[in-house]
Structures are given as C-alpha cells and as structure tokens.
> 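Quick one: the structure is below, questions incoming.
Residue indices begin at 1 and follow the sequence shown.
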Amino acid sequence: MSARKSARTVFYTVFALALLGNGPTNNAPAATELVARPGELVAATIEGAPARLRVVSGEADRLFLNADYVARSGIKPAFFMGNGSLNIAGRRAFKFKNRPLDFVIGGMAQKGRAIWIADAPAVAGDGSIGPWALPHARVTLQFGDTDTTSQRHDFPLFGSINSQSVTFYKEAGFGVIINFDLDDNGAYPLASAAAGAAIARAYGGTLSGASWDVDIFLGVMRPVRLMTLERPLVIGPLSIKQIAVRVRDRIDGAGRGDPIPDGTEDPSEILVSAKKKGPRPYFTLSIPRATMAACSRLTFDKAAVRIELWCRPG
C-alpha cells in the first residue's frame, strides 16, 4: 500500500490550513469536465514536458510531484518562498519545495504551484492532483457502472486548493469533515479520535480487538482500533456500522478525543484527568472505496459547489 494512497489522510489538514476556513475558489470555466478512473494515470504536460498524473479524491489537492520526476525534468524551487513545511494534523512532519508551473491536463491549461518532497516514497506515475487544483469545473471519478437505477446524492463542497475537496456532515450532537477517498483500499472508514468519540456517544459505539497501524500520509503511521456502532451512522446513501478510530494520544490533533467504551471499564472506577495544552482535536471521517461498494461515480462540481455521489438504491 503506497504511503500517499492511504492518506485517508491528508484530510488531516495537510498544509496547516483550516479546511472550512478556506472557502471554495470558484474560478473554473462553467462547462468543462475531466473524467478519469481511480488509479488511472492521466496524460499531462508540465512546462511542456510529458507527465502522467493520478487524479485523487481524498488526498492533497495541490499538484504533488514525485521527486524523481522533478529531478529528471530539471525543475527548481522558486527563488522566493520555494521552501515550506508540511503539517500532518497540526504537527510539522516534512519539509517540501515548490514553485509555480504551467501544466496542461485533460485538454485544459492551468498555472499552479507544484509541491515535491525529496525523501517522500515514490508512487505510480509522476504525481497526483485533486479537484480544486484542476482547471476543470467538474471533476468526475468513474469507478463502476451507473445504470438507470442509480440515484444522485448531493453534498456541499468545501475545502480549497491548499487542502482537500471535502464535505461537512452535522447533526445535533456533532459535526465532522468528510472526504471520499477512492484510493483507500481499507475495509473501514477512518475517524479521528475526536470524531470517533462523538460518533460513539451518538450511536452507541464500542471498541474491540487490538490496535493496528495505518499509514496516514507519506509513511507516517498511527494506531487505530475497530469501533462497532449499535445503530448505523447514515450519511446520504451510506450506512456505516464499523469505523477504524484513531487511538487517543497526544502525537497530533487527529489523536485527541474523549475515551470510547471497549467493554473493559470498571463502573466503580473513578477517573480523574487533567486538561493539558496541546493541538486542538480534529473531527474528521474518511470514507474508503469499500464503503461505497453500491456506488459508481463521484463528481466534484466546483461551479455548483457540490459533490455528487451516484449509487444504487439500498
């Protein structure tokens, strides 16, 4: 499993920008659409040189280049502001280089700032790009057959070119930032510790089994445990009964949250905890492809500021 693919991930505010604080930049032409399949390498040119890019739905939206492609192409960082720090869940994790580049993909030209990390694990192709960084008004990922029984489900589109293409789910007791990650081959949605605790309170969640590690982004590993809900969490056409939840820790903001029952609690025990300073908790939920098994098409419509998910009933 590639480090970048399993980023389920960069929904952890990759570039230290608040996702909902960066409103959509609605500047794409109104009638253009790029259609690709998850994992497909789409032909492009960058500064006139050929490239193959993967269109992603749940990772960093910026044009993210492999370091070996940058070296082969002779791309140099910008003279001013050519260096930066990459934050994962509010914690500095990597240093990157960047520069503005002209590129063409899907028949449309764009000028955007590309990012690369010298020691990042290589992925298929020459890099990746998400909906907000693409010049097209609509970006569609087709991953199944859309037949006459399929129904369209709409979600508001948030995020920005500096973060991700996400939506926001809210009910009386909590709210979470959600991304749809078609490159995530995991079996369960992935929740931050805070989101997992909030969902557990609302839907009767209980942890079970040992923890296992997931690759958050670029080889950064974090532990999770399986949470089973008494009642399913229903988000549009998706009914979710089990979620992989970040284990509570103080490594980063995605690991901060209230405890979740795991069946081993002593009701007579009195727990005293002190409030400590640390990164604010992140309320995030990433939806993998397995959870969208009855679905076939995911569209990010920047002109309409919505995400469209086409699924069969039931």
> For a quick check under 3.5 Å, do Thr146 and Ser296 share a side-chain donor-acceptor pair by atom type?
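A pair is found: one side chain offers a donor N or O, the other an acceptor, under 3.5 Å apart.
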> Would Val55 and Leu141 count as a side-chain contact (heavy atoms from CB on, under 4.5 Å) here? Give the steps.
CA-CA 8 Å; Val55 178; Leu141 286 165; 4.2 Å; yes
> Give every residue pair that meets the salt bridge (Lys or Arg N to Asp or Glu O under 4.0 Å) criterion with at least one member in residues 43-52, sequence neighbours excluded.
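Matches after skipping sequence neighbours: none remain.
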> Among side-chain atoms of Gln142 and Arg37, is any donor-acceptor pair under 3.5 angstrom?
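Result is no, nothing qualifies.
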> Please find the pair of heavy atoms, one from Tyr69 and one from Ile75, that lie closest to each other, and give the distance.
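Closest pair (atom of Tyr69, atom of Ile75, distance): CE2-CD1, 4.2 Å.
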> Within a radius of less than 6.0 Å around CG of Asn83, do more than 12 heavy atoms belonging to other residues, nucleotides or ligands occur?
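Yes, the 6.0 Å shell around CG holds more than 12 heavy atoms from other groups.
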> Going through the checks in order, is the side-chain contact (heavy atoms from CB on, under 4.5 Å) test met by Phe158 and Val305?
CA-CA 8 Å; Phe158 293 101; Val305 199; over 6 Å; no
> Determine the sole option in Thr299, Val166, Thr140, Leu298 for which the side chain to side chain contact (heavy atoms under 4.5 Å, CB included) test with Ser57 is passed.
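By the side chain to side chain contact (heavy atoms under 4.5 Å, CB included) criterion, Ser57 pairs with just one of Thr299, Val166, Thr140, Leu298: Leu298.
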> Evaluate the side-chain contact (heavy atoms from CB on, under 4.5 Å) criterion for residues Phe103 and Leu63: first the C-alpha distance (whole Å), next the side-chain angles of each, then the deciding distance (0.1 Å), finally the verdict.
CA-CA 10 Å; Phe103 64 92; Leu63 175 56; 3.9 Å; yes
> Side chains of Ser160 and Asn162: is there a donor and an acceptor less than 3.5 Å apart?
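There is no such pair (donor and acceptor under 3.5 Å, judged by atom type) between the side chains of Ser160 and Asn162.
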> Minimum heavy-atom separation for Phe174 and Ala202, please, with both atom names.
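Closest approach of Phe174 to Ala202: CE2-CB, 3.7 Å.
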> Looking only at heavy atoms, which two atoms of Cys311 and Leu309 are closest? And how far apart?
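For Cys311 and Leu309, the tightest heavy-atom pair comes out as SG-CG, 3.6 Å.
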> Identify the two heavy atoms, one from Pro131 and one from Lys302, that lie closest to each other, and give their separation to 0.1 Å.
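Taking Pro131 first and Lys302 second, the nearest heavy atoms are O-NZ, 2.8 Å.
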> Holding to salt bridge (charged side-chain N to carboxylate O under 4.0 Å, His left out), I want the full list of residues that pass it with Arg72, two or more places apart in sequence or in another chain.
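By the salt bridge (charged side-chain N to carboxylate O under 4.0 Å, His left out) rule, Arg72 matches Asp68, Asp126.
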> What I want to find out is whether Arg289 reaches Asp183 closely enough, with some N-O distance under 4.0 Å, to be called a salt bridge.
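Looking at Asp183 together with Arg289, the answer is no, because their closest N to O distance does not fall below 4.0 Å.
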> So, using salt bridge (charged side-chain N to carboxylate O under 4.0 Å, His left out) as the criterion, who are the partners of Arg152 when residues are at least two apart?
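By the salt bridge (charged side-chain N to carboxylate O under 4.0 Å, His left out) rule, Arg152 matches Asp154, Glu308.
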> How would you list, by chain and number, every residue that makes a side-chain contact (heavy atoms from CB on, under 4.5 Å) with Lys111, sequence neighbours excluded?
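So Lys111 forms a side-chain contact (heavy atoms from CB on, under 4.5 Å) with Pro100, Asp102.
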> Looking at residues at least two apart in the chain, or sitting in another chain, which of them share a ring pair (Phe, Tyr, Trp, His ring centres under 6.0 Å) with Tyr169?
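Once residues adjacent in sequence are excluded, Tyr169 has no partner under the ring pair (Phe, Tyr, Trp, His ring centres under 6.0 Å) criterion.
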> Assess whether side-chain contact (heavy atoms from CB on, under 4.5 Å) is satisfied between Ile199 and Ile243, documenting all intermediate values.
CA-CA 10 Å; Ile199 295 169; Ile243 300 173; 4.1 Å; yes
> Is the backbone of Ala137 close enough, under 3.5 Å, to the side chain of Thr32 for a donor and an acceptor to pair up by distance?
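Looks like yes, one N/O pair under 3.5 Å.
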> Heavy atoms only: give me the nearest Ala198-Phe283 pair and the separation to one decimal.
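It is CB-CE2, 4.3 Å.
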> Does a side-chain N-to-carboxylate-O contact under 4.0 Å join Glu230 and Arg201?
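No.
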> Name all residues meeting the ring pair (Phe, Tyr, Trp, His ring centres under 6.0 Å) criterion together with Phe180; count only those two or more places apart in sequence or in a different chain, and write none if there are none.
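Here the qualifying residues are Phe155.
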> Thr291 versus Ile240: any side-chain heavy-atom pair under 4.5 Å?
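Contact flag for Thr291/Ile240 side chains = yes.
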> Quick one: does Met292's side chain get under 4.5 Å of Ile287's, heavy atoms only?
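A side-chain contact under 4.5 Å exists here.
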> What closest approach, in Å, do Ser239 and Val234 show between heavy atoms, and which atom pair accounts for it?
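It is OG-CG2, 4.3 Å.
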> State whether the side chain of Gln164 and the backbone N or O of Gly58 hold a donor-acceptor pair below 3.5 Å, judged by distance alone.
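Yes, Gln164 side chain to Gly58 backbone: donor-acceptor pair under 3.5 Å.
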> Would you confirm whether Asp184, through its side chain, and Gly186, through its main-chain N or O, come within 3.5 Å as a donor-acceptor pair?
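Side chain of Asp184 to backbone of Gly186, a donor-acceptor pair under 3.5 Å: yes, one is there.
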